2 protein chains.
Amino acid sequence: MSPKTETSAIAFRKHDHRRCQRQLLSEARQLCEARKLRLTSRRRQVLEILLASHQPLGAYDILAELNRVDSAERIAPAIVYRALEFLMAEGLIHRIESRNAFISCIHPGHHSAAQFLICRDCEQVAEFENIDPGLLSAADNLGFAVDHSVVEITGVCAECQKHGD
Amino acid sequence: MSPKTETSAIAFRKHDHRRCQRQLLSEARQLCEARKLRLTSRRRQVLEILLASHQPLGAYDILAELNRVDSAERIAPAIVYRALEFLMAEGLIHRIESRNAFISCIHPGHHSAAQFLICRDCEQVAEFENIDPGLLSAADNLGFAVDHSVVEITGVCAECQKHGD
DNA sequence: CGACATAGTGTTATATTATAACGTAACTTA
DNA sequence: TAAGTTACGTTATAATATAACACTATGTCG
Ligand SMILES: [Zn+2]
Ligand SMILES: [Zn+2]
Ligand SMILES: [Zn+2]
Ligand SMILES: [Zn+2]
């Protein structure tokens, strides 16, 4: 297993996730400051909800969490979608198309194409970068100019296979 | 350009699409007969609507087309989704996750993972098979058991780039 | 400071995509 | 033909996403 694979697949292994959270939130702050963007409290709230795990959440799950935490408020979907839009535009989160869900990016700011392994059992998602030039080179041969890639591989991670599900 | 790439990228080139339609419908009939499955008239209608082009259509586009053609009927969504479910299960069509849309498969019955290049300009979609072992081998190294893959690359095809859009 | 421009938020309503539940019709097999 | 099964039709509703518009906060320049 290459070091890169090891880092990328952290979601499938036990690890100190507090460390992920702190690190990624800190990187998000730095990145926004560098780009003169406002990581407002709404945006930060939504990001923190996604940083809580390596599992993707639907927009309405995030909405429910916001409404749960601050039970005085009654937040509307548009608010969540706007925060998600900002976070995606800045590469702080990704959309998982095959789940209509969103997940925090594990290397914010890298603008290369992300690719995911999604365990349908534990729902953990591992994010990879660019380890997959095959189709891209075929696109190149065809003169096809790539904008955006969606690569989402669903299956069962090694841990979950052990537990004999 | 390899022969395989040439065949797969037919969507991006002028070609006799009538031939595609006849061929694919015929293959669908044979496949259903071989598997003792019923390609009922509803299922055939939905398949034919998708065979009309190499563009993906939303379930409600298909519904509108059904209701347009036979203007006496007033068909409900569930009917379309059921036909789509059957056609997907048999590998006669694919779902394009990043578009919430469906497209006819260009090599029905092959059960290998399909991968798509999607032109965001002409909306043509080229379907490839398995030219992309990179991520799959990474999955293998991790002991990740792959079930289903979603590989959808959006961009602009060579033709559309020429037209200077 | 105060007028302005801009970006972000809150709110309401609505659009789009998908499924559940249940009864009827059509096919299959004995 | 009767029973069992598969497919269809219908109604209602769930889940996901966006449009439109008013209000608020922030930054900027005189
Ligand atoms: Zn972590
Ligand atoms: Zn797992
Ligand atoms: Zn064709
Ligand atoms: Zn094109």
Side-chain angles (χ1 to χ4, degrees), chain A residues 28-29 32-33 35-50 55-67 69-90 92-103 123 150 152, chain B residues 28-29 32-33 35-50 55-67 69-90 92-103 123 150 152:
Chain A
R29 283 192 212 276
C32 286
E33 188 163 11
R35 295 181 188 170
K36 310 252 190 248
L37 296 169
R38 293 167 57 199
L39 187 58
T40 63
S41 67
R42 273 281 174 252
R43 289 166 177 177
R44 188 180 37 68
Q45 276 182 307
V46 170
L47 178 59
E48 285 184 333
I49 288 168
L50 288 174
Q55 295 178 11
L57 294 178
Y60 282 74
D61 296 332
I62 295 167
L63 182 59
E65 181 61 15
L66 284 173
N67 283 328
V69 169
D70 187 343
S71 57
E73 294 186 291
R74 196 72 358 207
I75 292 172
I79 290 178
V80 172
Y81 281 102
R82 277 196 296 232
L84 291 171
E85 185 178 26
F86 169 85
L87 296 168
M88 281 200 289
E90 301 310 323
L92 297 172
I93 65 172
H94 297 285
R95 181 177 161 83
I96 303 293
E97 297 288 348
S98 56
R99 300 265 172 140
N100 295 329
F102 303 86
I103 192 164
E123 301 196 284
V150 172
E152 300 169 7
Chain B
R29 283 192 211 276
C32 288
E33 188 162 11
R35 295 181 189 170
K36 310 255 191 244
L37 296 169
R38 293 165 57 198
L39 186 58
T40 63
S41 67
R42 275 280 175 254
R43 290 166 174 176
R44 189 181 35 69
Q45 276 183 305
V46 170
L47 179 59
E48 285 184 333
I49 288 169
L50 288 174
Q55 294 178 12
L57 294 177
Y60 282 75
D61 296 331
I62 295 167
L63 182 59
E65 181 62 14
L66 284 173
N67 281 328
V69 168
D70 186 343
S71 57
E73 293 186 292
R74 194 78 352 211
I75 292 172
I79 291 177
V80 172
Y81 281 102
R82 276 196 296 234
L84 291 171
E85 187 178 24
F86 170 85
L87 296 168
M88 280 199 290
E90 301 310 324
L92 297 172
I93 65 173
H94 297 285
R95 180 174 161 83
I96 303 294
E97 297 289 348
S98 57
R99 299 264 171 144
N100 297 328
F102 303 86
I103 191 162
E123 301 197 287
V150 172
E152 301 170 5

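What you are looking at is a predicted structure, and each value in this text was computed from that prediction instead of being measured.
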Please determine whether a side-chain nitrogen of the Lys or Arg among Glu123(B) and Arg99(B) lies less than 4.0 Å from a carboxylate oxygen of the Asp or Glu. yes
Under 4.0 Å: is that the gap between some side-chain N or O of Arg82(A) and OP1 or OP2 of dT9(C)? no
OP1 or OP2 of dT9(C) less than 4.0 angstrom from a side-chain nitrogen or oxygen of Thr40(A), does that happen here? yes
Tell me the interatomic distance from Lys36(B), atom NZ, to dC27(C), atom P, rounded to whole angstroms. 18 Å
By nearest-nucleotide position on DNA chain D, the 5'-leaning member of Ala76(B) and Asp61(A) is Ala76(B)
So what does Arg99(A) touch, heavy atoms closer than 4.0 Å: a base, only the sugar-phosphate, or nothing? nothing
In whole angstrom, give the distance that lies between atom CD of Glu85(A) and atom P of dT9(C). 12 Å
Of dT6(D), dT16(D), dA18(C), the nucleotide closest to the side chain of Tyr81(B) is dA18(C)
Reckon Arg42(A) touches a base, only the sugar-phosphate, or nothing at all at heavy-atom distances under 4.0 Å? sugar-phosphate
Atom CG of Leu39(A) to atom C1' of dT9(C): distance rounded to whole Å? 15 Å
What's the closest nucleotide to the Ile79(A) side chain, out of dT11(C), dG9(D), dA17(D)? dT11(C)
Quick one: are Arg95(B) and Asn100(B) in side-chain contact, heavy atoms under 4.5 Å? yes
Whole Å only: how far is the CG atom of Asn100(A) from the C1' atom of dA15(D)? 9 Å
dT16(D) phosphate, OP1 or OP2, under 4.0 Å from Tyr60(A) side-chain N/O: no
On DNA chain C, more 5' by nearest nucleotide between Arg38(B) and Pro77(B) is Pro77(B)
Return the nearest nucleotide to the side chain of Glu73(A); candidates are dA17(D), dT10(D), dG10(C). dG10(C)
Please walk me through it: do Phe102(A) and Met88(A) pass side chain to side chain contact (heavy atoms under 4.5 Å, CB included)? CA-CA 9 Å; Phe102(A) 303 86; Met88(A) 281 200 289; 3.8 Å; yes
Can a salt bridge be assigned to the pair Glu33(A) and Arg29(A) using a cut-off of 4.0 Å between side-chain N and carboxylate O? no
Before giving the answer on side chain to side chain contact (heavy atoms under 4.5 Å, CB included), spell out for Arg42(B) and Val46(B) the whole-Å C-alpha distance, their side-chain angles and the decisive distance to 0.1 Å. CA-CA 6 Å; Arg42(B) 275 280 175 254; Val46(B) 170; 5.7 Å; no
